[in-house]
Amino acid sequence: MKTHFFPLVFLLIFSLAQGLNPKCDIQDHGSNLQVFHVYSPCSPFKPSKPLSWEEDVLQTLAKDQARVQFLSSLVAKKSVVPIASGRQIVQSPTYIVKANIGTPPQPMLMAMDTSSDAAWVPCTGCIGCSSSAFDFAKSTTFKTLGCQAAQCKQVPNPTCGGSACAFNMTYGGSTIAGNLSQDTITLATDLIPNYAFGCLQKTAGSSVPPQGVLGLGRGPLSLLSQSQNLYQSTFSYCLPSIRSPNFSGSLRLGPSGQPVRIKYTPLLKNPRRPSLYYVNLIGIRVGRRIVDIPPSAIAFNPSTGAGTIIDSGTVFTRLVEPAYVAVRDAFRRRVRVANVTSLGGFDTCYSVPINAPTITFMFSGMNVTLPQENLLLHSTAGSITCLAMASAPALNVIANMQQQNHRVVFDVPNSRVGVARELCS
């Protein structure tokens with residue numbers, strides 16, 4: 001069976017009616033939502049034509065790099081809540097959940113993304129959008145927000161020529177335009193009225209996204225902020241392995257049912273980018289030995305935004321160059337195979353079987369030890385194995401491949417995040 005490594009794309013929301021397997025239409029319950037891999041048989045975003053393993057990996061790396069560049073660009077910049085930022089579109093969530101929008105509810109698939117705040121919905125009549133869109137005219141609870149609305153102040157550079165709080169932004173060779181809107185959103189069996197989101201009216205350019213997003217960041221337009229009374233700014237997820245695309249993980253909303261026995265590390269506050277989930281990475285161990293990393297490479301710096309974040313939308317963990325080189329070299333020494341090759345952005349690949357060490361991320365109050373399944377990419381035929389990490393320009397990102405088959409708990413009121421091993425199914 002071919003192993004899939006998903007090329008990531010940031011998206012516009014598709015209807016569940018887009019040819020999904022009937023067996024996939026399992027009802028979510030309580031405040032628990034199934035999480036599907038973007039290449040799952042339960043996802044309409046599977047590639048229409050299978051790619052070779054090498055093509056798959058290289059495409060994923062290219063898409064992933066765009067997200068890492070975006071996250072790194074936030075360092076040392078003044079923070080704004082990007083309800084309509086074109087740069088947000090460049091990001092690449094790879095796990096999707098079911099949601100319903102409007103009254104009566106229209107079923108949608110949305111990508112969960114811990115580094116975004118706003119939700120994005122392509123609306124009916126959108127020029128250049130996907131053929132599947134939210135038909136706001138059929139919803140009795142839909143409303144376009146005006147410029148006087150408090151949420152409009154969260155939109156960078158809103159346009160108020162008419163009554164609507166509108167945005168028109170460019171990114172790369174593309175543009176997006178739409179209105180800040182409001183409607184009821186239903187997650188599992190939980191109903192959230194008056195949810196503010198970006199309703200896209202026009203897109204143009206080659207980098208227009210093919211899927212939509214549900215922002216799980218900490219900003220004022222995120223799900224956490226807009227459902228404060230319901231979920232108390234607490235959630236967790238368990239991401240299924242990319243090697244098991246048939247399986248579904250879970251997104252658990254609210255404090256109820258979260259793990260009791262789990263170790264936590266404090267969440268750090270970055271005033272320049274308050275939406276991101278910063279943690280204090282104090283060291284990295286390869287096997288049993290702590291790697292000699294320059295302290296400045298992993299130190300949290302609130303004045304510049306440097307440090308380490310946990311992110312659900314980046315695929316492969318990135319470390320700033322001094323930290324990455326130190327970890328990579330320690331990994332190579334432990335593997336003890338002289339013939340090291342490269343593949344795209346991966347510079348530590350082997351064409352012979354290897355015995356790889358574990359890698360442990362050491363946080364304040366919590367260590368997370370990753371087994372081989374979270375560290376290595378294997379080609380379909382098993383002839384190539386790569387260390388699934390790379391260097392980053394300015395920010396350390398603990399990405400979703402390294403989080404798979406772990407329960408990650410975000411407890412914002414207590415300013416902490418917990419991680420524990422859990423098989424996602």
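Owing to the predicted nature of the structure, the values given are computational and were not obtained by experimental measurement.
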Evaluate the pair Cys123, Cys199 and indicate whether the two SG atoms are within a distance below 2.5 Å.
yes
Under 2.5 Å between SG of Cys160 and Cys152
no
[atom1]-[atom2] distance between [X] and [Y], expressed to the nearest 0.5 angstrom:
| X | Y | atom1 | atom2 | result |
| --- | --- | --- | --- | --- |
| Asp190 | Leu187 | CG | CG | 7.0 Å |
| Met108 | Leu214 | CE | CG | 12.5 Å |
| Ile101 | Ile185 | CD1 | CD1 | 5.0 Å |
| Ile298 | Leu281 | CD1 | CG | 4.5 Å |
| Met389 | Arg318 | CE | CZ | 11.5 Å |
| Asn179 | Cys165 | CG | SG | 8.0 Å |

Give a yes or no on whether the backbone of [Y] and the side-chain of [X] come within a donor-acceptor separation of less than 3.5 Å.
| X | Y | result |
| --- | --- | --- |
| Asn374 | Met401 | yes |
| Ser227 | Tyr231 | no |
| Ser116 | Gly215 | no |
| Thr203 | Gly128 | yes |
| Arg407 | Pro259 | no |
| Ser222 | Gly217 | yes |
| Ser415 | Leu267 | yes |
| Asn194 | Gln226 | no |

[X] vs [Y] side-chain heavy atoms within contact, under 4.5 Å:
| X | Y | answer |
| --- | --- | --- |
| Gln182 | Gln151 | yes |
| Ile282 | Phe363 | no |
| Phe300 | Pro302 | yes |
| Val335 | Asn355 | no |
| Leu239 | Val35 | yes |
| Met366 | Val419 | yes |
| Phe235 | Leu224 | yes |
| Ile262 | Val409 | yes |

Test item: side-chain donor near acceptor, [X] and [Y], under 3.5 Å:
| X | Y | value |
| --- | --- | --- |
| Asn100 | Thr186 | no |
| Asp347 | Tyr324 | yes |
| Arg332 | Thr348 | yes |
| Gln403 | Ser312 | no |
| Tyr95 | Asp113 | no |
| Arg272 | Asn301 | no |
| Asn32 | Ser250 | no |

Over 12 non-hydrogen atoms of neighbours within 6.0 angstrom of [atom1] in [X]:
| X | atom1 | value |
| --- | --- | --- |
| Leu230 | CG | yes |
| Arg289 | CZ | no |
| Gln228 | CD | yes |

Apply the test side-chain hydrogen bond (donor to acceptor under 3.5 Å, both in side chains) to residues Ser364 and Asn280: give CA-CA distance (whole Å), side-chain angles for both, the deciding distance (0.1 Å), then the verdict.
CA-CA 6 Å; Ser364 299; Asn280 188 20; 2.8 Å; yes
Testing the basics here: between [X] and [Y], what is the closest heavy-atom pair and its distance to 0.1 Å?
| X | Y | answer |
| --- | --- | --- |
| Ser115 | Arg273 | O-NH2, 3.7 Å |
| Ser225 | Gly219 | OG-O, 2.6 Å |
| Leu145 | Ser181 | CD1-O, 3.9 Å |
| Asn405 | Cys424 | OD1-N, 3.1 Å |
| Leu395 | Val320 | N-CG1, 3.5 Å |
| Met110 | Ala99 | SD-CB, 3.6 Å |

Please evaluate residues Tyr277 and Asn270 with respect to the criterion side-chain hydrogen bond (donor to acceptor under 3.5 Å, both in side chains), reporting the C-alpha separation (whole Å), side-chain torsions for both, the decisive distance (0.1 Å), and the verdict.
CA-CA 9 Å; Tyr277 292 101; Asn270 173 12; over 6 Å; no
Go through Arg252 and Ser31 one step at a time and tell me if the side-chain hydrogen bond (donor to acceptor under 3.5 Å, both in side chains) criterion holds.
CA-CA 6 Å; Arg252 189 175 296 156; Ser31 298; over 6 Å; no
If you look only at pairs with a residue in residues 256-266, which of them pass as a side chain to side chain donor-acceptor pair (under 3.5 Å), with sequence neighbours excluded?
Ser236-Gln258
Starting from the C-alpha separation in whole Å, work towards a yes-or-no answer on side-chain contact (heavy atoms from CB on, under 4.5 Å) for Ile284 and Ile293.
CA-CA 8 Å; Ile284 300 175; Ile293 298 173; 3.9 Å; yes
For the pair Phe134 and Phe197, name the ring-plane relationship: parallel under 30°, tilted 30 to 60°, perpendicular over 60°.
perpendicular
Over 60° means perpendicular and under 30° means parallel, so classify the ring planes of Tyr237 and Phe410, tilted if in between.
tilted
Walk me through whether Leu109 and Lys98 qualify under side-chain contact (heavy atoms from CB on, under 4.5 Å).
CA-CA 5 Å; Leu109 292 176; Lys98 299 175 183 178; 3.8 Å; yes
Take Gln402 and Thr317, measure what side-chain hydrogen bond (donor to acceptor under 3.5 Å, both in side chains) needs, and give me the verdict at the end.
CA-CA 7 Å; Gln402 282 64 50; Thr317 286; 2.8 Å; yes
One pair to check against side-chain contact (heavy atoms from CB on, under 4.5 Å): Ile354 and Arg336. What are the steps and the verdict?
CA-CA 9 Å; Ile354 64 169; Arg336 295 177 183 173; over 6 Å; no
Using the rule given for side-chain contact (heavy atoms from CB on, under 4.5 Å), can you reason through Gln232 versus Val412, listing the C-alpha separation, both sets of side-chain angles and the distance that settles it, and then say yes or no?
CA-CA 8 Å; Gln232 287 94 63; Val412 176; over 6 Å; no
